[in-house]
Amino acid sequence: MRIGIVCYPTFGGSGVVATELGIGLAKVGHEIHFITYRQPTRLDFFSENLYYHEVDIKSYPLFEHAPYELALASKMVSVVKYERLDLLHVHYAIPHASAAYMAKKILAEENIHIPIVTTLHGTDITLVGKDPSYEPVVTFSINHSDGVTAVSQDLKNETYKYFGVKRDIEVIPNFIDLNRFKKQKKEHFKLAICPNGEKLLVHTSNFRKVKRVEDVVRVFYEVRKEIPAKLLLVGDGPDRDRMERLCRELGTCDDVRFLGKLDAVEEVLSVSDLFIMPSEKESFGLAALEAMACEVPILTSNAGGIPELNVNGKTGFVCEVGDIQDMKEKALTILAEENLPTFKANALARAKEFDISNILPLYEKYYQETIEKSLKKAQ
Ligand code: GMT
């Protein structure tokens, strides 16, 4: 198939899923055309089946905000037409699904029929999308996509709850490439951070409010009162400064390291003992899956689709959002010498269920079905 993939080319989960999906599809012989405003972060190599088309956003003194959606729709029109695409797959509804709808209608005027698949990733539904300033357009573009997927059953339920959406939504979970995300031998790194055998806790995120990074810092503070431990905070975002101040207030600075954005997060995960994801909202929790693939148990909140990934009591524990005391107790249970190896093994076993080799065929099948259905509809 010739497939166009539209996504945010950033470190964010939706962009990572879209890029890895495109790379995986290219490996099995599909021709993949990325349409984004910048080269996607993980697309930094050559492959004969991968193409990159940059959206050209022209500004003009009259515009306070350049009309990205129009530039994107125009780029989609030209790529679909000249690369003779079979399907467009847009990741994150805003504004990709409505731009795709516009492109589809423009192409229809030239008798070119292009099926659109929209993947809902999370905040495009649970946070930004349901805001009245976007909701009507999001509802419309979901209803008018030829196929819609959501990354968890919970996200599918939320979509029905908050939007006037009647159509079917296919659940296709996030996935991981276990050839890349696996425990690596980085013992020298562990020794440098934890010279006295301390337990290593880790959190990775974009430090936005929904991630509740403060809970990570507070859980760590409580855990450290009981056992020697260190904390690594990976990523960057609006809450980072506040977290640095909180560490100073709590007197934990010597044991907490802020690493900023990292390309090779798997190296850090490889030496970690516990991953913490206390999010207020989380449609799936790709970052937690990445940790599990590196044999790291996870301590999470019960937000959104996280319980569909984290098997309570096996791969880690699922706690109420904001329950610091419970999280502390569960962290200590996981980190106990007699429990840790079992939690680590369970985390890896669960991650294997989400290997790209299991999930990629679900997308291929869904593309095929969507193309067939929309062709029938067009006839
Ligand atoms: O977590 C973020 O804030 C980034 C966000 C995104 O849209 O890029 O991630 C969302 O999509 C990921 C991939 O499908 C999911 O694994 C994340 O759980 C989801 N984030 C939220 O729902 C907050």
Side-chain angles (χ1 to χ4, degrees), residues 5-24 36-38 40-42 89-97 117-131 134 138 148-159 161-162 169-177 181 203-213 215-216 233-240 261 265 275-293 298 300-310 318 321 350-351 354 356 359-360 362-363:
I5 292 188
V6 179
C7 64
Y8 284 106
T10 53
F11 273 92
S14 62
V16 169
V17 167
T19 311
E20 295 292 343
L21 176 63
I23 294 169
T36 57
Y37 59 78
R38 204 191 311 129
T41 311
R42 292 190 184 180
H89 185 177
V90 302
H91 290 259
Y92 206 89
I94 305 168
H96 302 149
V117 169
T118 297
T119 289
L120 310 174
H121 278 275
T123 49
D124 46 351
I125 294 299
T126 57
L127 206 68
V128 199
K130 71 181 190 208
D131 189 279
Y134 294 115
V138 174
V148 178
T149 77
V151 298
S152 63
Q153 183 60 43
D154 182 79
L155 185 60
K156 174 176 172 172
N157 298 346
E158 293 284 292
T159 308
K161 191 158 131 200
Y162 291 108
I169 297 176
E170 183 88 357
V171 174
I172 304 185
N174 284 177
F175 55 85
I176 187 92
D177 183 351
F181 276 90
H203 169 80
T204 69
S205 78
N206 49 25
F207 285 61
R208 296 206 183 117
K209 191 170 162 272
V210 284
K211 302 294 176 183
R212 294 185 68 101
V213 187
D215 291 1
V216 177
L233 292 165
V234 183
D236 208 346
D239 272 352
R240 176 166 167 179
K261 287 180 186 165
V265 67
F275 180 88
I276 310 183
M277 177 178 266
S279 308
E280 192 174 313
K281 292 181 190 300
E282 199 70 60
S283 64
F284 181 89
L286 179 62
L289 175 58
E290 291 178 345
M292 292 160 86
I298 59 173
T300 67
S301 71
N302 57 357
I306 305 178
E308 295 171 46
L309 172 69
N310 190 5
V318 178
V321 174
R350 180 78 176 137
F354 296 91
I356 187 166
I359 309 300
L360 193 121
L362 304 181
Y363 276 112

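One-based numbering, in listed order, for ligands and for the atoms of each.
To the nearest 0.5 Å, atoms NZ (Lys281) and NZ (Lys209) are separated by 9.0 Å.
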Assess the residue pair Lys156 and Glu170 against the criterion (salt bridge (Lys or Arg N to Asp or Glu O under 4.0 Å)); give the C-alpha distance rounded to whole Å, side-chain angles, the decisive distance to 0.1 Å, and a yes or no. CA-CA 8 Å; Lys156 174 176 172 172; Glu170 183 88 357; over 6 Å; no
Start with the C-alpha gap between Leu309 and Met292, add the side-chain angles, then the distance that decides, and say whether side chain to side chain contact (heavy atoms under 4.5 Å, CB included) holds. CA-CA 10 Å; Leu309 172 69; Met292 292 160 86; 3.9 Å; yes
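A perpendicular orientation is assigned to the rings of Tyr37 and Tyr8, their planes being inclined by more than 60° (bins at 30° and 60°).
In this structure, the ring of Phe284 has its center no less than 6.0 angstrom from the ring center of His121.
Each of Gly12, Gly13, Ser14, Val17, Tyr92, His121, Gly122, Thr123, Val151, Asn174, Asn206, Arg208, Lys211, Lys281, Glu282, Ser283, Phe284, Gly285, Leu286 has a non-hydrogen atom positioned under 4.0 Å from some atom of ligand 1.
Heavy-atom minimum distance, Val318 versus Ser301: CG1-O, 3.7 Å.
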